[in-house]
S.K.: 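One structure follows; several queries about it will come next.
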Number of protein chains: 2
Amino acid sequence: MAHLTVSVEYAIHCLLWLAGSAGAPLSSRDLAELQGISQSFLAKIFPKLEKAGIVVGSEGVRGGYRLARAPAEISVLQIVDAIEGDKPLFDCQEIRDRCAVFGDAPPVWATAGVCAIHAVMLKAEQAMRDELAAHTLADLAVTFAGKAPPEFILQVQDWMTERAGARKPGRQSKPEPPS
Amino acid sequence: MAHLTVSVEYAIHCLLWLAGSAGAPLSSRDLAELQGISQSFLAKIFPKLEKAGIVVGSEGVRGGYRLARAPAEISVLQIVDAIEGDKPLFDCQEIRDRCAVFGDAPPVWATAGVCAIHAVMLKAEQAMRDELAAHTLADLAVTFAGKAPPEFILQVQDWMTERAGARKPGRQSKPEPPS
DNA sequence: TAAACGCGGAGTCATATAGTCTGCGTTACC
DNA sequence: GGTAACGCAGACTATATGACTCCGCGTTTA
Ligand code: FES
Ligand code: FES
């Protein structure tokens, strides 16, 4: 949990779409284009969420990702941990036992337990984690639903189905060779 | 406050020495050697603490740094802010208004206020900052004094005075040309 | 006057982030 | 049964930042 990167922002926004998708799998490429972010990069994020057991992927042409459990059972902390790994907020270098008066053999009282400074940092990190654990995807979904007008949901659904249906006619890489 | 770097660890450990020094200025080079860390690097840290008003520096041959106020008036948060600057834990890229269904003109309801995800991160950061603000240098000094035996304090004082006195005779860069 | 200080800027080296570009195996649909 | 849409994995690049180092200047004290 060193620094919350953009991957976390991408991941949570995507998971909110999945939460609103009612179990229907959404492809990572569609999610990327819908939100105007990089397809390649988002494709590197979802495997992390899958390994953490937050989403399940289905292969094949109509595949994609869906939530592995109810949104109320997915906390923000779980998502952050899945993306960032277990990097601590503060990594102590144990400089306390490098004191010059110790010479080469620091006494036991100097190295016993955690350094008091380190302990403060651990408490701060824990406070942050507690706050992240207190919010779930369901909470966020409610807030989002309160802001967006109902017509917006329909527009997005239209966009998704149109995009899914558009794969049959033309619509490969190049959108339209003009005239 | 992106990621708590080693500079923070160095800074707080040094400030604890200053807190125990009873107003006598200590040079950054002595503090570095006492703790077995880089002199050059520590010399880049102290100006930040000085600009933040945590410590005051005195120039000249017997100069050094001392605390600008009582240890009980210096919180860990102030030190961290002095070192790390105001980098946020999470920097929102505002991807919410890049949604494809908006086209080029995102509606006002989409961009009003803070994103719900961002809000959670801000609360988490605030929880961390509150925890850091709840601890002062004085608290840490008490914990340290409780661990170290009284003789250790004297040993360090001896080390400091010996080091200050040793500048007159030999003792330049090379410690001793052997025999 | 020289050595011990603080102060500031430039430069180095390693790592991490953000992002790209392949290719491979699977699956649905015509 | 072929093709295109999927997930999945790995190699690759570029930029930023962290952790230093080096050098030189102004000040002060012995
Ligand atoms: S030794 Fe790492 S914080 Fe004290
Ligand atoms: S737009 Fe940045 S967190 Fe939602």
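Residue numbers begin at 1 in each chain, while the letters A, B, ... track the order of the sequences.
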S.K.: Side chain of B/Val6 only, please: which of D/dC8, C/dC5, D/dC20 is the nearest?
M.R.: D/dC20
S.K.: Write out a two-atom table: protein N or O, nucleotide N or O from nucleotides 23-27 of chain D, distance below 3.5 Å.
M.R.:
residue, atom, partner, partner atom, Å
D/dT27, O4', B/Glu59, OE1, 3.1

S.K.: Pull out every residue in residues 38-49 of chain B that has a heavy atom closer than 4.0 Å to any atom of DNA chain D, ordered by number, or say none.
M.R.: B/Ser38, B/Ser40, B/Phe41, B/Lys44
S.K.: Establish, with yes or no, whether the OP1 or OP2 oxygen of C/dC7 is under 4.0 angstrom from a side-chain nitrogen or oxygen of B/Tyr65.
M.R.: yes
S.K.: My understanding is that only residues two or more places apart in sequence, or in another chain, count here; which of them pass ring pair (Phe, Tyr, Trp, His ring centres under 6.0 Å) with B/His118?
M.R.: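 So B/His118 forms a ring pair (Phe, Tyr, Trp, His ring centres under 6.0 Å) with B/Phe90.
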S.K.: Would you mind reading off the distance between A/Arg62 atom CZ and D/dA5 atom P, rounded to a whole angstrom?
M.R.: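 Rounding to the nearest Å, CZ of A/Arg62 and P of D/dA5 are 11 Å apart.
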S.K.: Could you tell me which residues satisfy side-chain hydrogen bond (donor to acceptor under 3.5 Å, both in side chains) with A/His13, sequence neighbours excluded, listed by chain and number?
M.R.: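 Not a single residue meets the side-chain hydrogen bond (donor to acceptor under 3.5 Å, both in side chains) criterion with A/His13.
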S.K.: Can you tell me the distance, in whole Å, between the CD atom of B/Glu33 and the P atom of C/dC5?
M.R.: 11 Å
S.K.: Between B/Ser28 and B/Gln39, do the side chains contain a donor N or O and an acceptor N or O under 3.5 Å apart?
M.R.: no
S.K.: How many whole angstroms separate atom CD1 of A/Ile95 from atom C1' of D/dA19?
M.R.: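 Spelled out: CD1 on A/Ile95 to C1' on D/dA19 is 14 Å.
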S.K.: Rounded to whole Å, how long is the line connecting atom CG of A/Leu31 with atom C1' of D/dC6?
M.R.: 13 Å
S.K.: Taking only the side-chain nitrogens and oxygens of A/Tyr10, find out if one of them lies under 4.0 Å from OP1 or OP2 of C/dT17.
M.R.: no
S.K.: Quick one: is C/dC5 close enough that its OP1 or OP2 comes under 4.0 Å of any side-chain N or O from B/Ser58?
M.R.: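 Answer is no, no contact under 4.0 Å.
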S.K.: Give a yes/no answer on whether the side chain of A/Ser28 brings an N or O atom under 4.0 Å of OP1 or OP2 in D/dG7.
M.R.: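 A/Ser28 to D/dG7 OP1/OP2: side-chain N or O found under 4.0 Å.
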S.K.: Applying ring pair (Phe, Tyr, Trp, His ring centres under 6.0 Å), name anything that partners A/Phe152, two or more places apart in sequence or on another chain.
M.R.: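 Ring pair (Phe, Tyr, Trp, His ring centres under 6.0 Å) check on A/Phe152 returns B/Phe102, B/Trp109.
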S.K.: So, using salt bridge (charged side-chain N to carboxylate O under 4.0 Å, His left out) as the criterion, who are the partners of B/Lys147 when residues are at least two apart?
M.R.: none
S.K.: Between P on C/dG6 and NZ on B/Lys51, what's the gap in Å once rounded to a whole number?
M.R.: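 Interatomic distance, NZ of B/Lys51 to P of C/dG6: 14 Å.
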S.K.: Round to the nearest Å and state the distance from A/Arg29 atom CZ to D/dA4 atom C1'.
M.R.: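 Atom CZ in A/Arg29 sits about 10 Å away from atom C1' in D/dA4.
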S.K.: What is the bend of the helix from C/dT1-D/dA30 to C/dC30-D/dG1 when you compare the axis at one end with the axis at the other, using five pairs each and rounding to 10°?
M.R.: 0°
S.K.: In whole Å, what is the span from the NE2 atom of A/His3 to the C1' atom of D/dA16?
M.R.: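 For the pair A/His3 NE2 and D/dA16 C1', the rounded distance is 12 Å.
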S.K.: Who passes salt bridge (charged side-chain N to carboxylate O under 4.0 Å, His left out) against A/Glu131, sequence neighbours left out?
M.R.: B/Lys123
S.K.: Assess, by modelled atom type and distance only, whether the side chains of B/Thr136 and B/Glu73 contain a donor and an acceptor separated by less than 3.5 Å.
M.R.: no
S.K.: With A/Arg96, which residues qualify under salt bridge (charged side-chain N to carboxylate O under 4.0 Å, His left out), at least two apart?
M.R.: A/Glu94
S.K.: Who passes salt bridge (charged side-chain N to carboxylate O under 4.0 Å, His left out) against A/Glu50, sequence neighbours left out?
M.R.: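 Listed in chain order: nothing, the list is empty.
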S.K.: Compare the minimum distances between each of C/dC7, D/dG7, D/dA19 and the side chain of B/Thr5, then state the nucleotide with the smallest one.
M.R.: D/dA19
S.K.: Give the other cluster members for B/Val114, using side-chain heavy-atom distances under 4.5 Å between Ile, Leu, Val, Met, Phe, Trp and Tyr residues; answer none if it is isolated.
M.R.: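 Reading the cluster by chain and number, B/Val114 sits alongside B/Leu122.
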S.K.: Please report the interatomic distance CZ(A/Arg98) to CG(B/Leu34), rounded to the nearest 0.5 Å.
M.R.: 12.0 Å
S.K.: Rounded to whole angstrom units, what separation is found between the CZ atom of B/Arg66 and the P atom of C/dG6?
M.R.: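 It is 13 Å, rounded to the nearest whole Å.
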S.K.: With sequence neighbours excluded, give me every ring-ring contact (aromatic ring centres under 6.0 Å, His included) pair touching residues 42-73 of chain B.
M.R.: B/Phe46-B/Tyr65
